[in-house]
Amino acid sequence: MLSRPIPCLWITFCLHLWCCIQSAEAQNAKEVILLDSKAQQTELEWISYPPNGWEEISGLDENYTPIRTYQVCQVMEPNQNNWLRTNWIEKGDAQRIFVELKFTLRDCNSLPGVVGTCKETFNLYYQETDSEVGRSLRENQYVKIDTIAADESFTQGDLGERKMKLNTEVRIIGPLSRRGFYLAFQDVGACIALVSVKVYYKKCWSIIENLATFPDTVTGSEFSSLVEVEGICVSDAEEEADNSPKMHCSAEGEWLVPIGKCICKAGFHQKGDACEPCGRGFYKSSSQDLQCSRCPAHSFNDREGSWRCDCEDGYYRALSDPPSVACTRPPSAPQDLLYKINQTTVSLEWSPPADTGGRNDVTYRVQCRRCSCEPEECVLCGPNVEYSPAQSGLVDTFVTIMDLLAHANYTFEVEAVNGVSDLSRTQRLFAAVSIATGQAAPSQVSEVIKEKVQQRSIQLSWQEPHQPNGVITEYEIKYYEKDQKDRIYSTVRSKSTSATVNNLKPSTAYVFQIRAFTEAGYGTYGPRLEITTKEETTAAIVSSEQNPVIIIAVVAVAGTIILVFMVFGFIIGRRYALAVKFPGTKTYIDPETYEDPNRAVHQFAKELDASCIKIERVIGAGEFGEVCSGRLKLPGKRDVSVAIKTLKVGYTEKQRRDFLCEASIMGQFDHPNVVHLEGVVTRGKPVMIVIEYMENGSLDAFLRKHDGQFTVIQLVGMLRGIAAGMRYLSDMGYVHRDLAARNILVNSNLVCKVSDFGLSRVIDDDPEAVYTTTGGKIPVRWTAPEAIQYRKFTSASDVWSYGVVMWEVMSYGERPYWDMSNQDVIKAIEEGYRLPAPMDCPPGLHQLMLDCWQKDRAERPKFDQIVGILDKMIRNPNTLKTPVGTAVGTLDLTLRSHLSNEFYFTTFRSVGEWLEAIKMERYRDNFTAAGYSSLESRPRGITLVGHQKKIMSSIQTMRAQMLHLHGTGVQV
Ligand code: AMP
C-alpha cells in the first residue's frame, strides 16, 4: 500500500502530535468507540480510489508504537477526486455518532509552484447499510456530512522551522436507522495527512446514585434530548414513598437531574452506596430512620438486621408503642386506698402505684363484689351499681360508687392498669377494701292496686318496695285532683301497705303517688296512678245540696249507730278481755275466743291453692313439723320467697288447731316489723302456714354468726325495727310473752321482724321456758319479775323482755346472765342486780335497757317511747359513741384492773375454771403465758372481737356480783 515515501517532515510532525492525542483520550470515558484508526497497528486496508490518491502510511509514535495514517497530496494536478472509504462500522446501540478527525493540512501558499489547483479542504461522507456491501465505491450513494477545513493548522514560518499543527474536527451524524455505515473522505486537491479517525457514540455509564443503580444508557438521538432513566434500588433498599429514583442521561453522556431516591429498609443502614444490616443490640424500625439505634431499655436482640428489639421477660410493648420506646410492665397496686361510706354510696380514694411500670398511661379500674358471709361468697355487682366518673379508665385517683344495697357487704378492688396490663399474664395487683354499706332511703313503692273506689273514698293497697333498705315505718300517700296538677295536693299516712283516702269529690279524677319512709328518710314517689271516684247518685246530690234538714238527720242517725257500736264493743271487749283502742287502730282478737277455730283461721288468713306453692328445701324443724323454704306465685303477682311451716302427718285435732292458731294471730298483723303471713293451706295435705321468707333466720344465731361485724348504728337499726314491731303489736293490744332474740327473724336487708305467735308457744315451743313456782312455763331470763311471780303479762312485761333483747343484740347473741342458773337469775334480779353494759355498748343504750328493767312496770318506757328514743339516737349518732375504756384494744388493761384473786375465787377457783365456764378455755394458754395466774401481765392472741367481748362481759358480771356481794348496791 505504501506507494510513496513520506517526507521526513511528516513523521516528525506525527510523533509530536501523538502526545496530544493521548492526553485528549483520557477525557472520553463516556464514549463507546466504534472505530479508532490509531489503535490499530496492522494495516487499515480502507478502500482508496483512484489508487494513486489516498495512501496508507505506517509510522511510530513517541513510544515507538506503530500508527497508521492516510495521506494525499496531489496538489500539482488539476481535477483531483480521491476517495477513501473506511471499513463497515456496526453502530450497535448508537443513535448519534461522533466522528473525530485529526489531520494536518498543508497551506497551499507554503507549497512552491502550485497554482490554481491546490485546495485546503476535504469532504466527509457516510453511507448507511445493514451489512457490508463489498469493496466497490459509488459516490452517489454517499451522503455528505461536511466540508472539512483546517482552522489553524497551516504550515507557517521558515521552511527549516516548520511547525505543523494538528487539526481536530468532530462531526456528528444521526439519527441512524441501519445497522451500520461507512465513512468516506473526498480529497479534491489538498495536501492532507489523516492522522486518526475515531468514530464513537456517547453513553451514560452505569452509576449508583442515592442508593439506586442506573444502568448504562445510550444518549438520545438529538443533541438536546435527555433520556429519562428509572433507577433500581440497591439490595436491602427500597424506593422512598412517591419518590422513585430517576436520572437523565444527557447527549454528552452525563447523568443529570437526579430525582427521588432509595433508602435502606428497616433493619439496614446506609454505608457508602450500599445498605448494611444493623448490628446485634441495634435496630432500625423504619426505612425513614437514618441510623440504627441501640435497643431501648428492657429490650434486646441477638440477630443482625433487626427492625426492632424483643422485650425482656416480664416486660411488654403495647400495640401502639413504637419500637423506639422502652419495654414496660404493668403497674403495681394503687396505694393508700381509703373509703368513705355515705348510706349506700361509697367513695374510694387512693394514691398512685409506687411503680407505674415505666409508663405514663396509668388509669384505674374498680371491681365491685357483693359478698355474703355464710358461705363466704362474692359475686360481681350487677349493672344497677353506678360509678362516677366511671368504672374503668379512671384518670384521677378517686371514684364514687352509688346505688349499692343498704346494709350489705361489698369488696372493692382498685387496680392500676397501663397500656401493657392486658398483655401481662402475671397476677393482677390491686388494692382492696371490704365495706358494709349503711342505711338508705327505700326504693319506689310499686304495684299500687285500687281495692275499692267509692264516690268519696278510694282504698289502695301496694307492695313493699323491692329495696326497703331498712324498716319501713310509714307510707305517705300523696294525692291531688288531676286537673289541679300537683300544685295543690294532700297527703295521708299509713303504717301498713294499704290506706283509704276519704273526703274525695265524686266523679273526679285523682292522681295518687306513694312513697315509703324509713329511718333513712323518705324514698322517691312511685309511679302516678289515676283513679276517678264514682258518680254521686241524684238523690244524694239533691239531699245534700238542697236539704240541710236531711243532713242533720243523717248525722244524728249515724251518731246513734256509732254510740251503739261503741257500747256494744265495750261489752264485747270486756267479755273477751280485749283492750279498748282508739278508733282507727285495729284490735287484736284472740282466736281462742272463736268457738270454731277454723272460722278464725279463715277470717284472718287467706286460703292458698297448694299448686301456687313450690317447696324447695327444709330449713328447720318447728314444733309441729318441718319448716321449708320455697316460692309462692299468686295469679297476677310476682312470685315471692316464702317459708312454709308444715303440720306433720298423724296430727291430732288439737295439734291442728294449735298449729293454725299461729296463722290466725299472725294473719291479723300487717306491719313491716312483724312477720307477714301469706296464707294457709287447710284444704289439702299437708296443712301449711305460708310466711314471708326471712333469709337470715333467727336473730340470736345470726348475731352469733356475725360476731362483731356490725356498726352500732346497724345494731340500733335492728333494735329500732323490733321496737316498732312491738309498738304495733302493743297498739293492737297483743302481748307477746316470749319476746327474745331467738323469736326475731332477720331478712336479707337486715330488717328484723317479730315472730313466733303460737298460743301455746311459751309452754311447749320455747326451750328456754321453764316451770316456775307459780305454775306455767316461763323463759325466766327474758321475763319481767311480775310475770314470773304472778303471771302478770302485759306490754310492760314485753318491754322488760325487749330490754333483754337489746342486751342480746348489743352483745352479739350472748346468753343473758351467762351460765347463772335460773334460780340465781331470779334471785339476783329480785335483789336489784341488772345485766351490765355489753362490750362497746353506748351508755345511752344501756340506760335504756335499765329503764326497761325497772321493777315498777309503770316506770318502764312504752314501746312508742322506745322507738322515739332510738330514732333520736340514730339521728344523732354522736350519742352512740363507745365510751373510752371499753374499746377492744384495752382488754388486757381492763383485765388487769378487774381481775383479782379475791374476785374470781368468789365464783371460780381458778382462771382456768372461769374460762371453761364461759367456754373460752381455748385461751387458757394465752392467760398462762401472760402470767394471768397472778393476773399481772397481758394475754396476747385473743383476736376475735366476739371472744374479747365475751371475756370482758364475764369479768364485768363477776365484778358486778362482787360488788353486789359486798353490799355496794346494784349494777356496775
Ligand atoms: P319456728 O317453728 O317458728 O320456731 O321455726 C323453726 C325454724 O325455722 C326457725 O328457727 C327458723 O330458723 C326457721 N324459720 C321459721 N320461720 C321462718 C321464716 N319466715 N323465714 C325463714 N326461716 C324461718
L380, CG atom: more than 12 neighbouring heavy atoms under 6.0 Å:
yes
Tell me if the CD atom of Q427 is crowded by more than 12 foreign heavy atoms within 6.0 Å.
no
What do the steps show when you test R369 against T411 for side-chain hydrogen bond (donor to acceptor under 3.5 Å, both in side chains), and what is the final call?
CA-CA 5 Å; R369 286 198 169 83; T411 297; over 6 Å; no
Any chance the side chains of T524 and R515 put a donor and an acceptor closer than 3.5 Å?
no
Can a donor-acceptor pair be found between the side chains of E808 and W782 at a distance below 3.5 Å?
yes
Run the side-chain hydrogen bond (donor to acceptor under 3.5 Å, both in side chains) check on S372 and E377 step by step: do they pass?
CA-CA 5 Å; S372 60; E377 240 174 29; 4.8 Å; no
Quick one: closest heavy-atom pair of [X] and [Y], and the distance?
X: Q709; Y: Y812; value: N-OH, 3.5 Å
X: P442; Y: P465; value: CB-CG, 4.2 Å
X: L404; Y: C368; value: CD2-SG, 4.2 Å
X: D403; Y: N384; value: CB-O, 3.6 Å
X: I644; Y: S629; value: CD1-C, 4.2 Å
X: V445; Y: I514; value: CB-O, 3.8 Å

For R370, enumerate each residue passing the salt bridge (charged side-chain N to carboxylate O under 4.0 Å, His left out) test, keeping only those at least two apart in sequence or located in another chain.
none
Polar side-chain atom of [X] near backbone of [Y] as donor-acceptor pair, under 3.5 Å:
X: W853; Y: L848; value: no
X: N696; Y: N747; value: yes
X: K753; Y: P672; value: yes
X: S494; Y: S498; value: yes
X: N409; Y: S434; value: no
X: Q391; Y: V366; value: yes
X: S795; Y: D798; value: no
X: S332; Y: D355; value: yes
X: D361; Y: G419; value: yes
X: Q714; Y: T711; value: yes

Ion pair check, [X] and [Y], cut-off under 4.0 Å:
X: E447; Y: K637; value: no
X: D700; Y: R704; value: yes
X: K340; Y: E349; value: no
X: K495; Y: D670; value: no
X: D321; Y: R359; value: yes
X: R631; Y: E616; value: no

C612 meets the disulfide (SG to SG under 2.5 Å) criterion, sequence neighbours left out, with none
Run the ring-centre check on W350 versus F398 and record whether the distance is less than 6.0 Å.
no
F669 and Y734: aromatic ring centres closer than 6.0 Å?
yes
Check step by step if salt bridge (Lys or Arg N to Asp or Glu O under 4.0 Å) holds for K482 and E530.
CA-CA 8 Å; K482 192 185 168 198; E530 187 185 319; 3.3 Å; yes
Checking N876 now: which residues fulfil side chain to side chain contact (heavy atoms under 4.5 Å, CB included) with it, not counting sequence neighbours?
K872, T879
Quick one: list whatever passes side chain to side chain contact (heavy atoms under 4.5 Å, CB included) with S392, sequence neighbours left out.
R365
Got a sec, which pairs hit ring pair (Phe, Tyr, Trp, His ring centres under 6.0 Å) with one end in residues 423-442, sequence neighbours left out?
none
Which label fits F412 and Y410: parallel for a plane angle under 30°, tilted from 30 to 60°, or perpendicular past 60°?
parallel
How long is the straight-line distance from [atom2] of [Y] back to [atom1] of [X], given to the nearest 0.5 Å?
X: N418; Y: T328; atom1: CG; atom2: OG1; answer: 6.0 Å
X: I401; Y: T437; atom1: CD1; atom2: OG1; answer: 11.5 Å
X: L870; Y: L880; atom1: CG; atom2: CG; answer: 9.0 Å
X: D840; Y: M810; atom1: CG; atom2: CE; answer: 8.0 Å
X: R720; Y: C752; atom1: CZ; atom2: SG; answer: 12.0 Å
X: H671; Y: N673; atom1: NE2; atom2: CG; answer: 5.0 Å

Assess the residue pair I722 and L699 against the criterion (side-chain contact (heavy atoms from CB on, under 4.5 Å)); give the C-alpha distance rounded to whole Å, side-chain angles, the decisive distance to 0.1 Å, and a yes or no.
CA-CA 11 Å; I722 302 165; L699 178 61; 3.7 Å; yes
Go through Y479 and I531 one step at a time and tell me if the side-chain contact (heavy atoms from CB on, under 4.5 Å) criterion holds.
CA-CA 10 Å; Y479 64 97; I531 307 170; over 6 Å; no
Could you please spell out the steps behind the side-chain hydrogen bond (donor to acceptor under 3.5 Å, both in side chains) verdict for R329 and S424?
CA-CA 8 Å; R329 59 181 173 185; S424 160; over 6 Å; no
Does the side-chain contact (heavy atoms from CB on, under 4.5 Å) test come out yes or no for I458 and N502, once each step is laid out?
CA-CA 7 Å; I458 289 172; N502 294 310; over 6 Å; no
Determine, for Y525 and K478, whether the Lys NZ or Arg CZ falls below 6.0 Å from the six-membered ring centre while staying within 45 degrees of the axis.
yes
The single option from V716, L715, V809 that satisfies side chain to side chain contact (heavy atoms under 4.5 Å, CB included) with F710 is L715
Using the side-chain contact (heavy atoms from CB on, under 4.5 Å) rule, take R860 and C852 through it: C-alpha gap first, then chi angles, then the decisive distance, then the call.
CA-CA 5 Å; R860 295 173 203 156; C852 295; 5.5 Å; no
Could you walk me through whether D336 and S351 pass the side-chain hydrogen bond (donor to acceptor under 3.5 Å, both in side chains) check?
CA-CA 6 Å; D336 313 323; S351 305; 3.1 Å; yes
Y316: what forms a ring-ring contact (aromatic ring centres under 6.0 Å, His included) with it, not counting sequence neighbours?
none
